[in-house]
Each structure stands twice: as structure tokens, then as C-alpha cells.
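Here the structure is laid out as C-alpha cells; the discussion comes afterwards.
One-based numbering, in listed order, for ligands and for the atoms of each. Given the structure is predicted, the values throughout are model-derived calculations rather than measurements.
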Amino acid sequence: MNHFGYRDGELWCEDVPLARIAAEVGTPTYVYSSATITRHYRVFDDALAGAPHQIHYSVKANSNIAILRLLADLGAGFDVVSAGEIHRLEVAGAPLDRVVFSGVGKTAAEMRYALERGIHAFNVESEAELELLSSVASAMGLCAPVSLRVNPDVDPQTHPYIATGLRESKFGIPWPRAEAAYARAAALPGIRVVGVDCHIGSQLTSLAPFLDAVDRMLELATRLRASGFPIEDLDLGGGLGITYRDEAPPHPDDLARAIIERTRGCGMKLLFEPGRVIVGNAGVLLMSVLYEKASEARRFVIVDAAMNDAIRPALYGAYHAIWPVSASDGSEVIVDVVGPVCESGDFFAKQRGLAPVVSGDLLALMSAGAYGFSMSSNYNARPRAAEVLVRGDRYDVVRDRESMADLVRGERLPAR
Ligand SMILES: *Cc1c(COP(=O)(O)O)cnc(C)c1O
């Protein structure tokens with residue numbers, strides 16, 4: 001459920017016509033719906049009402065500070081994967097004691113940064129990281145709160161680039177080593193064990209892999225508690241999928257019900273790290289048609305957004321619906337929708353039925369709120385898009401379109 005829809009043939013976000021945003025802000029522009037983000041957060045949070053829990057929104061899905069503040073105001077905690085994301089939260093005014101810090105390659109400087117700010121916990125992904133974190137924390141006279149991210153070795157049945165819980169994955173501590181790693185943690189002076197953690201992948205569209213992971217994690221946590229570890233947090237990661245096309249991912253209610261049933265009376269708090277399901281369908285990339293061009297084999301619609309703005313189609317072959325901002329009479333032509341970047345991978349759709357368009361028409365790349373702007377770049381020296389947050393009948397530009405000066409910021413010509 002989202003707040004993008006047609007009224008009298010025009011595509012609106014909440015109570016604002018997208019054509020108005022394009023006219024006033026230009027294109028390409030990301031447009032986010034605060035009502036949709038709020039709704040998705042509340043649905044997830046309400047689904048878990050029957051159990052002690054905390055939602056830690058995964059910042060990397062969309063890290064605009066306006067969205068972080070919106071979620072913080074709703075009561076969200078956060079899952080970060082870098083000190084930079086903690087900085088973003090700080091600027092957004094989010095409470096840092098609701099932050100968990102994941103990632104396989106945390107540096108000593110990032111550990112210090114997080115410890116100084118009193119985050120809730122580190123999700124530690126290797127024994128080597130444990131050793132470093134202990135020495136960094138000890139040197140600061142602190143004890144770092146830690147959950148170990150273990151790899152439950154379940155197949156999430158998703159795209160290989162976003163499967164993270166398989167034995168072959170770089171993420172987490174291998175399942176057979178988990179208890180040895182906890183024993184090591186207990187022996188380290190700068191570490192205080194608080195929980196167990198996993199995250200098995202992204203864009204998961206069935207319940208089974210989640211429940212397999214829950215069963216394994218619960219079993220591990222129970223064993224650890226029996227051996228005297230004070231395991232308070234059962235962090236089950238993120239990964240719940242969304243509908244880009246015709247996927248039918250589990251509803252948060254069904255996921256929550258099944259998990260609550262399994263974990264009832266376990267004495268631990270449930271932590272979740274959803275990203276995509278909160279923001280994915282809460283954003284679109286608004287773009288303009290530049291040209292149409294036909295070869296013998298194909299008909300191309302060339303737009304002013306490109307893979308540097310939204311890389312998921314190029315990176316994963318991902319499907320995004322493309323809607324005309326002015327609805328058509330229903331006729332369709334088969335086209336490739338492509339951007340200006342000099343790569344054949346720079347496409348948003350291939351052999352797609354789309355309403356006939358002419359230069360200047362507006363299109364919306366749907367479901368672009370997650371892993372859209374946050375994965376964008378300046379490739380081909382393209383200034384990054386503006387970002388807009390809609391609230392009811394008003395909108396704010398929450399990130400300016402980059403300027404030419406932004407493109408070379410920090411660069412220097414050495415003396416000749
Ligand atoms: C990316 C990530 C998430 C969020 O994944 P979604 O599929 O967006 O829900 C959660 N936890 C960790 C550790 C991640 O790396």
C-alpha cells in the first residue's frame with residue numbers, strides 16, 4: 001500500500017501532483033511519500049506489538065536525513081554499516097542509543113566513533129573484529145556491547161548478490177564456530193555480550209528462510225543462555241521483500257505472528273533491521289523523456305535519469321515498473337527505456353510495454369525509495385538528483401540537485 005496514484009489521469013504523490021514537482025524542482029528527482037514511510041513503519045511495529053521488540057531501520061536503504069528524522073520521530077532505532085551513517089543520524093537528531101552497527105569491515109576509527117556516541121550494540125562479524133573492538137574499547141576505558149552476527153546457513157532464495165546467510169557468504173561468523181566465538185568474547189576485557197544476530201539476505205519473498213533462521217538462532221541463544229551468557233537481544237536482521245512487479249512477499253503481520261509464536265517466553269527482545277520494506281515503495285524517481293529513437297531491432301526511449309541515479313536494473317537486472325505521469329489511453333508500444341550513460345548496462349527497462357511518449361513527457365520509475373539514491377554516483381560526471389519529501393499537500397526539497405561545483409568539490413590541480 002502506498003500513496004502514489006492517478007487522479008484525473010495525473011500521477012500524484014499524496015496530495016501533490018508529480019508534474020508540479022517536476023516543473024518546480026526539475027528532473028531527475030527522487031520523490032518520497034512520508035505517509036507511506038509512516039504507514040510501513042507502523043504496520044511493521046504494530047505487527048510486533050505482542051512481543052518486546054525494537055525496529056532498527058536499515059539506514060543504507062535510504063539515508064536522507066529527513067527520512068531518518070521522520071523514522072526517529074516514529075520511534076525507530078537504526079541499523080548502520082559505517083561511521084558515516086552514524087554521522088547522518090547525528091545530524092538528523094536521531095537517538096544514537098538506538099543504533100546497532102553491522103558490517104564485515106569496521107575500522108578502529110569507526111569503532112571509536114561509535115563507542116564515543118554510546119550506540120546500543122555492535123553486530124560483530126568475525127573473531128578478528130572482536131579482538132580489535134575489545135582493544136579499542138579497553139583503551140577508551142569502555143566495554144563494547146556486542147551481538148555476534150552468525151551465519152545460520154539458510155538459503156534465502158533471492159538474487160545471489162543479496163543473499164548473505166549462506167555458508168559461502170562473507171557475512172557473519174560461520175555457524176559451527178559460533179559458540180567458540182562467544183567463548184572468546186566472554187574472555188575479552190573490552191567486550192560485553194548482549195545478544196545474537198543474523199541477517200540472511202534481502203528481497204526475501206517467502207516465509208520459510210526467515211523461520212529456518214529463527215529456529216536456528218533461537219536454538220543457539222537458548223544454548224548460550226544455558227551456559228550463562230546474558231543474551232538479551234535476538235536480532236533477526238532485515239530482508240523482507242516488496243512487490244516490484246508480481247512478487248507476493250509475506251505480510252509483516254504473518255512474519256511477526258510466526259516469529260512471535262516461535263519465540264514466545266524466550267525472555268529476549270526481538271530486534272529487526274528492515275530497510276527495503278519501509279522505504280522501497282515509498283519513493284519514485286521522476287524523470288523526463290529526452291528522445292525517442294528506433295533501430296531496426298529496437299525502439300528506445302532515452303530519459304534524463306541513468307544508472308548513476310538508480311543502479312538496480314544494471315546491477316541485479318532488477319525490475320521496476322515505469323508509469324507515465326500523465327496517464328495514457330491504454331495503448332502501448334514495446335520499448336527499451338535507457339539513460340544517457342555510456343554503458344550498455346544503462347537501462348531501466350528492456351522490451352517493455354509503455355504508453356507512447358514524446359520528448360518532454362514525464363515518467364516515474366516506481367518502487368525506487370530503497371537502494372535508489374543511496375546507491376547513486378557521479379559516474380559520467382552527472383550531478384546527483386534532487387530529493388523531495390512529500391507530506392500531504394506540501395513538499396520539501398530535502399536534498400538539492402548537485403551543482404557543477406559539487407562535481408569537483410575536493411579535487412585539486414597539483415603545481416605544474
Ligand atoms: C542491508 C541490511 C539490512 C536491510 O536489508 P533490507 O533487505 O533492506 O531489509 C539489514 N541488516 C543488515 C545487516 C544489512 O546489511
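Side-chain polar atoms of Asn281 and Ser367 form a donor-acceptor pair below 3.5 angstrom. Side-chain polar atoms of Glu402 and Asn378 form a donor-acceptor pair below 3.5 angstrom. At a cut-off of 3.5 Å, with distance as the only test, a side-chain donor of Arg276 or Tyr244 sits close to an acceptor on the other residue. His199 and Arg149 share no side-chain donor-acceptor pair at under 3.5 Å. Ser102 and Asn123 share a side-chain donor-acceptor pair at under 3.5 Å.
Applying the salt bridge (Lys or Arg N to Asp or Glu O under 4.0 Å) test to residues at least two apart or on different chains, the pairs with a partner in residues 91-109 are Lys106-Glu129.
The Glu273 neighbourhood of ligand 1 comprises atoms 3 (C), 4 (C), 9 (O), 10 (C), 11 (N), 12 (C), 13 (C), with distances under 4.0 Å to a heavy atom of that residue. Every atom of ligand 1 is numbered from 1 in the order shown, and the set under 4.0 Å from a heavy atom of Gly238 is 9 (O), 10 (C). Short contacts between ligand 1 and Pro274, defined as distances under 4.0 Å to a heavy atom of the residue, involve ligand atoms 9 (O). Residue Ser58 approaches ligand 1 through these ligand atoms, each under 4.0 Å from one of its heavy atoms: 1 (C), 2 (C), 3 (C), 4 (C), 10 (C). Near Arg149, meaning under 4.0 Å from one of its heavy atoms, ligand 1 places the atoms 13 (C). Of all atoms in ligand 1, listed by their number and element, those nearer than 4.0 Å to a heavy atom of Asp79 are 10 (C), 11 (N), 12 (C), 13 (C), 14 (C).
Checking only distances, Ser102 never comes within under 3.5 Å of ligand 1, N or O to N or O. Below 3.5 Å of separation, one finds an N or O of Gly275 facing an N or O of ligand 1. Considering backbone and side-chain N/O atoms, Arg276 comes within less than 3.5 Å of an N/O atom of ligand 1. The shortest N or O to N or O distance between Gly239 and ligand 1 is under 3.5 Å.
Listed by chain and number, the residues in a side chain to side chain contact (heavy atoms under 4.5 Å, CB included) with Pro17 are Trp12, Arg20 (sequence neighbours excluded).
At a threshold of 4.0 Å, the pair Asp400-Arg384 does not count as salt-bridged, since none of the basic side-chain nitrogens sits closer than that to a carboxylate oxygen.
From the protein, the heavy atom lying nearest to atom 15 (O) of ligand 1 is Lys60 NZ, 2.7 Å. Scanning the protein for heavy atoms near atom 7 (O) of ligand 1, the closest one is Ser202 OG, 2.3 Å.
For the ligand labelled ligand 1, residue Tyr371 lies inside the 4.0 Å heavy-atom shell.
Cation-pi geometry between Arg312 and Tyr371 is not met: the NZ or CZ atom fails to fall both under 6.0 Å from the ring centre and inside 45° of the normal.
In this comparison of His56, His199, Glu125, the heavy atom closest to atom 5 (O) of ligand 1 sits on His199.
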